[in-house]
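Step one of this worksheet: look at the structure below.
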Amino acid sequence: MAHKVCLIRGDGTGPELVQAVETVFKVAKVDIDWIEVQAGLKCVEAGKPIVPKETIEKIKEVGVGLKAPLTTPIGTGSVSPNVTLRKRLDLYACVRPIRSLPGVPTPFDGLDLVIFRENTEDLYAQIEYMVTPTVAQSIKIISEFGSERIVRAAFEYAKKHGRKKVTCVHKANIMKIADGLFLRTFRRVAEMYPEIEATDNIVDNQCMQLVQYWKKYDVLVMSNLYGDILSDLAAGMMGGLGVAPGANYGEGCAVFEAVHGSAPKYAGLNKVNPTALLLSATLMLDHLGEVQAQKDIEGALSATLSKGVKTYDLGGTAGTQEFAEAVASELK
Amino acid sequence: MELHGVDVYIWTPETPDLPKQVGPLSLLLISNRGTKVYPPPAPEMHLIDWPRCRYFSETPVTDRDVNELLDRLSADGWVWTKAQKLYRIDRVDQFSKPY
């Protein structure tokens, strides 16, 4: 039976990236019933909310979505469609697998990490005040509930995927109350997973450790701000945002996305790298239980890159669709 | 800075049913972890026991108005743990809006 998946084609280069994914999926042995839903710039231009209610409802009903990059209109007061989706669907876990890809040279060989970022609280609750004309205050919210569910998600992922170690990243030496709660919760949850090694590290040291001793780390879990920073640092270590996949999980649904922007200046040029969205789509296959199809596509992608077929950002000359067809041909 | 209202953070597990008007201050919204949950619609999300309840007036109010609001909420049995006054400078809000 076909898996139902909501599809957001996105803005800017989004539609051509989706076309590339469709090209590969047509050849892969997996049956997806794509249900198109709308979000982003086109909705705003049509006088609708940037993420219409029907889109939220449909993703809730279907439970899975694949999202190409969306544009947040500048200067219109419009909210971010990405943040809106996370908030409205309560997608609390932002997951970024970070690993070396063949043919994508970086100084970090053998990179294989997974970052779990809490997605709904911390300073991103965006509660801010000017409390006097010269003093601003942002409120950092860390709740036991929010901490526990992201930490549990990290350990459950480690258990499911045979990972050996989960590291909590924090700044509890300074923020003893807020990050102290996060760390305390981590230590309590870790006791329920005795087969997995649990360690913790302060965020500044973790940044240094990641670029010096990346092979020591496995799964990392952290609150929103640290996760925002470390996931982009790690994406850079992997080769850049063009190759970094992302997934957002909630209790009842999950949305998979490339973490880069919509790159409107490249729209229609058949130029941008579809790897990030393709790898995000393979994370979706793992979520759907289509593990063989996931492995097949990731293998085909690796083979393509190893043969030197690359888009411009990786020093190659292949266009978006040409690259997708090369991956598809590896599957045949 | 002109005083226009107050965010009252209340210790309660649910979105509280608060008075809609106390003196010149109207209940404008309630948010939870920065996401608006009142007026409806509210997203399906876990609520922490610390909703932010925003009372506001388009015309400037006084400290006494804020104090009377807090007294009223306490008298009604609500336990508030933090209150933050809301200011405007040259008609520009000096506070963030919820999602």
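Residue numbers begin at 1 in each chain, while the letters A, B, ... track the order of the sequences.
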Atom pair [atom1] ([X]) and [atom2] ([Y]), whose distance is rounded to the nearest 0.5 Å:
| X | Y | atom1 | atom2 | result |
| --- | --- | --- | --- | --- |
| A/Phe145 | B/Arg33 | CZ | CZ | 6.5 Å |
| A/Ile127 | B/Lys97 | CD1 | NZ | 14.5 Å |
| B/Asn32 | A/Ile141 | CG | CD1 | 8.0 Å |
| A/Arg86 | B/Thr35 | CZ | OG1 | 12.5 Å |
| A/Asp90 | B/His46 | CG | NE2 | 9.0 Å |

Check whether any side-chain heavy atom of B/Arg52 lies under 4.5 Å from a side-chain heavy atom of A/Ile139, and answer yes or no.
no
Contact check, side chains of B/Pro43 and A/Lys87, non-hydrogen atoms, under 4.5 Å:
no
Residue [X] versus chain B: region with a heavy atom under 4.5 Å:
| X | answer |
| --- | --- |
| A/Lys53 | neither |
| A/Val131 | both |
| A/Glu251 | neither |

Under a 4.5 Å heavy-atom cutoff, which of A/Ser143, A/Gly250, A/Gly146, A/Ala125 has the most pairs with chain B?
A/Ala125
Which region of B/Pro41, side chain (C-beta onward) or backbone (N, CA, C, O), has a non-hydrogen atom less than 4.5 Å from a non-hydrogen atom of chain A, or is it both or neither?
backbone
Crowding at [atom1], [X] (>12 non-hydrogen neighbours, <6.0 Å):
| X | atom1 | value |
| --- | --- | --- |
| B/Asp17 | CG | no |
| B/Lys85 | NZ | yes |
| A/Lys58 | NZ | no |

Verdict with reasoning, B/Tyr99 to A/Gln126, per side chain to side chain donor-acceptor pair (under 3.5 Å):
CA-CA 8 Å; B/Tyr99 274 99; A/Gln126 218 174 299; 3.0 Å; yes
To check you understand the geometry: which heavy-atom pair defines the closest contact between B/Met1 and A/Met130, and what is its length?
CE-O, 4.1 Å
Looking at A/Lys60 and B/Glu44, is any side-chain nitrogen of the basic one under 4.0 Å from a carboxylate oxygen of the acidic one?
yes
